[in-house]
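In what follows, chains are A, B, ... by sequence order, proteins preceding strands, each numbered from 1.
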Protein chains: 2
Amino acid sequence: MPADRGQASGRPTISEVAAEAGVGRATAARTLGGYGYVSPELRERVLAAAEKLGYRTNALARSMSTGVSHTLGVIVADIGNPFFAGLMRGISDTSRARGFDTLVLSTYEDLDQEVAATNVLIDKRVDGVIIASAATTGKHVAHIRAAMDRGIPVVLVDRAVAALDLDAVVTDNRDAAREAVETLIAAGHRRIGFVWGPSTSRTPATRRELLADAARGLWTDGERLRGYLDALDDAHIPFDPELVMVGPKTEARATAEVARMTSMSDRITAVFCTETDAVTGALRALRAAGLSCPRDVALIGFDDSAWAAVMEPPLTMIEQPVHQLGAKAAQVLLDTLEGADPPREMHILRSRLIVRSSVAPPVLGDS
Amino acid sequence: MPADRGQASGRPTISEVAAEAGVGRATAARTLGGYGYVSPELRERVLAAAEKLGYRTNALARSMSTGVSHTLGVIVADIGNPFFAGLMRGISDTSRARGFDTLVLSTYEDLDQEVAATNVLIDKRVDGVIIASAATTGKHVAHIRAAMDRGIPVVLVDRAVAALDLDAVVTDNRDAAREAVETLIAAGHRRIGFVWGPSTSRTPATRRELLADAARGLWTDGERLRGYLDALDDAHIPFDPELVMVGPKTEARATAEVARMTSMSDRITAVFCTETDAVTGALRALRAAGLSCPRDVALIGFDDSAWAAVMEPPLTMIEQPVHQLGAKAAQVLLDTLEGADPPREMHILRSRLIVRSSVAPPVLGDS
DNA sequence: CTGTTAGCGCTTTCAG
DNA sequence: CTGAAAGCGCTAACAG
């Protein structure tokens, strides 16, 4: 037992307050806990005593007996990533407003860490979990099922998981990607690079292979790829595996891949980037090759930011409703905790294409 | 008492495991809790029983009896801000590695929310607190003192608080700002805008007033302002209150202020921006005025990002060691929790000026 | 309306 | 090395 717990160590308990106020502990507990009936007089005395002693409730003890911790668990890929940071803000703003705090854990897209994180949350008895899972196949969702089996409500955010019949709050990735690529096509482009696609290990030679690989990757990556393909199909533009970047997703690789795509004989005249780092990586490649945007290569990317507006040229970007994504996820979870029980649903939030100046027709006779 | 706690609700307790294994609960607790001695045989039986029942320890109950929650509380201005997100990542990476999880709360620079957040953390019995406080004068630190009085170690991060003798982990804001402004001066600039300064309500007419206002604002703002002044003084450049932006800190106001500073008769030929939003705001103003950077106006700003490198021109920026800032803060706190007791200290991490191309000499004859 | 009495699930003496 | 028993601080019946 630790050296100094309780007593005069600066952490008075409800019993001490009761003693000080000269009432039974239940009475003190009732007034301090804000439940049950207490006469105004005693209430006053208790409050005064609590004030005097500097009493603060012990939420741990309360949780022990009520079985409710008023804490939500959040699992994301990387809390340092602006996207997830924005998501977190949405989550914490709305949960805080409803009396809940959040425990956040990052997995860095590693399934083992995701499992470990889930266990931490189970052990700490969070009341519910919001997770942007890296899981795809049914084989990888045991940890999520485990949480559910223990009675912990789970809502998926940002990434849906087909194997799980759960509430999911996501954005319209596929449509957003399709719209972006359609915009490029409408401007006259036919050789459009896709940076980046699923982080598969092999280099898919066919469309079928690519889709198969995507099915084993992040849900968002797959959706965005499908949107790209949708647009190509609608315009009857043949799919060329050479134009999609697969493998590890780093800014440096995006640069290298775009460099490759711009130096092929039948080079790209436009790029569609699925993430911020892909955008900056692509831009680096264009600059290094002395190619100008949008004159030589048009560009549209995911995840707008204040920077995109002040670029030269200002970039046409897709803006996801990040804050709302988190807020909605928290709302759905909290409603469930409060007893609501609507059928499970996939909540799809709409993204917005912010048109600026990084798209122009391809240079005539360029291909 | 809630409908279904304990029993067969999928949350077996240590007693149930003990029963299943046919041993006393203390024995089960010892093997599951990883303390005390247990014979290999019994240990095996307990483990098997736990496995079979799907036992997971109840960290809340454990915290109740040990008085340790293995949870750190973190209070920042805004978890959605990339700077704090990066900080959080540093904090959570190192604390997770040492077995601690983090409860994060945002205050949006509001002192009342900061107090409320501190109370939440006290109530939830976190083992320690890391805080980027908005408090400045000794009058506003009662909540931090309260936490300390309750035996909760606190370490300040990003912002020092003079009134508190605590460990603080910060970056060399003043030096970094001075170096940036010196760089501008070395290039030949004498009319250098400062965006943004302390968010005071009045418009300080003198240097003394400005400094007084800064003393009541965020610590970082004051430090950066002092660095600006240091550089000016060293070069014997007179201070002009017209060149510093004060008041609400928004990108839009930065744009307006820079527009004002560039259209004065004796206009600025360089700007020093203390934050990312100030940089994008300034850039917007330059573009709107048809001014080019660095030809017409040179620029250096705080907080480098991947975007800054792909801007036109690539921006010269100050890079703060964000991740390390958080990691160090967590480390200091955890060391304290583990009993270390070195004298309180101010840990100052060095920033780095990343020179790119947004600084050039002022146009000749321009002033 | 108030006080007494059990727990919540775990750790921790303290005997055996 | 093992088990019984007490206790962490609070909530929740249950009598008065």
Side-chain angles (χ1 to χ4, degrees), chain A residues 1-46 50 53 55-70 122-125 127 150-151, chain B residues 1-7 9-46 50 53 55-70 122-125 150-151:
Chain A
M1 206 160 286
D4 67 337
R5 203 157 17 102
Q7 293 93 294
S9 79
R11 310 187 192 193
T13 72
I14 232 171
S15 304
E16 301 179 49
V17 173
E20 173 75 26
V23 302
R25 34 151 156 253
T27 304
R30 275 190 279 258
T31 104
L32 264 11
Y35 58 92
Y37 302 91
V38 172
S39 70
E41 299 174 74
L42 293 194
R43 173 182 197 68
E44 234 11 86
R45 299 225 313 262
V46 172
L53 267 37
Y55 172 82
R56 284 259 98 210
T57 197
N58 182 331
L60 255 34
R62 187 190 318 245
S63 296
M64 277 266 34
S65 51
T66 60
V68 175
S69 64
H70 281 278
I122 290 177
D123 292 356
K124 294 214 168 166
R125 296 299 190 266
D127 296 330
R150 287 186 157 73
Chain B
M1 207 161 285
D4 67 338
R5 207 163 8 107
Q7 291 93 295
S9 78
R11 309 187 192 191
T13 73
I14 234 171
S15 304
E16 301 178 48
V17 174
E20 173 76 27
V23 303
R25 36 152 151 248
T27 303
R30 276 191 277 258
T31 104
L32 264 12
Y35 57 91
Y37 302 91
V38 173
S39 70
E41 300 175 74
L42 292 194
R43 173 180 196 69
E44 235 9 88
R45 299 223 316 260
V46 172
L53 300 179
Y55 172 82
R56 284 260 98 210
T57 196
N58 181 331
L60 255 34
R62 175 164 9 227
S63 296
M64 276 263 40
S65 50
T66 60
V68 176
S69 64
H70 281 277
I122 290 176
D123 292 356
K124 294 214 168 165
R125 296 299 190 268
R150 288 187 156 75

Phosphate OP1/OP2 of [N]: any [X] side-chain N/O under 4.0 Å:
X       : N      : value
B/Tyr35 : C/dT11 : yes
A/Ser15 : D/dC10 : no
A/Thr66 : D/dA12 : no
A/Tyr37 : C/dG3  : no

(request) Using heavy atoms to find the nearest nucleotide of DNA chain D for B/Arg25 and A/Arg62 separately, return the residue whose nucleotide is more 5′. (result) B/Arg25
(message) Pick the closest DNA chain D nucleotide for B/Arg125 and for B/Gly24 by heavy atoms, then say which residue is nearer the 5' end.
(response) B/Gly24
Proximal nucleotide (of [options]) relative to the [X] side chain:
X       : options               : answer
A/Thr27 : D/dT11, D/dT2, C/dG3  : C/dG3
B/Ala26 : C/dT11, C/dT12, C/dG7 : C/dT12
B/Ser39 : C/dC10, D/dC1, D/dG3  : D/dC1
A/Ala29 : D/dC8, D/dT11, D/dA13 : D/dT11

Do [X] and [Y] touch side chain to side chain, with heavy atoms closer than 4.5 Å?
X       : Y       : result
A/Met64 : B/Asn58 : yes
B/Val46 : B/Val38 : no
B/Arg45 : B/Leu42 : yes

Round to the nearest Å and state the distance from [X] atom [atom1] to [N] atom [atom2].
X        : N      : atom1 : atom2 : answer
A/His70  : D/dC10 : NE2   : C1'   : 14 Å
B/Ile122 : D/dG9  : CD1   : P     : 16 Å
B/Glu16  : C/dC10 : CD    : P     : 9 Å
A/Arg30  : D/dC14 : CZ    : P     : 14 Å
A/Met64  : C/dG9  : CE    : C1'   : 5 Å
B/Asn58  : C/dT11 : CG    : C1'   : 13 Å
B/Asp123 : D/dT11 : CG    : C1'   : 16 Å
B/Ile14  : C/dC8  : CD1   : C1'   : 14 Å

(request) Say whether, by atom type as modelled, one donor and one acceptor occur between the side chain of B/Arg125 and the main chain of B/Ser69 under 3.5 angstrom. (result) no
(request) Could you tell me whether a side-chain N or O of A/Arg25 sits under 3.5 Å from a main-chain N or O of A/Ile14, the two making a donor and an acceptor? (result) no
(message) By the 4.0 Å heavy-atom rule, please label A/Leu42 as base, sugar-phosphate, or nothing.
(response) sugar-phosphate
(message) What contact category does B/Leu32 fall into here, base, sugar-phosphate, or nothing, at under 4.0 angstrom with non-hydrogen atoms?
(response) nothing
(message) When you measure only distances, ignoring hydrogens and angles, does the side chain of A/Arg11 come within 3.5 Å of the base of D/dG9 through a donor and an acceptor?
(response) no
(request) Map B/Leu60 and A/Pro40 onto DNA chain C by nearest heavy atom, then report which one ends up closer to the 5' terminus. (result) A/Pro40
(message) Show the nearest heavy-atom pair for residues A/Gly67 and A/Asp127, with the distance to one decimal.
(response) O-OD1, 4.3 Å
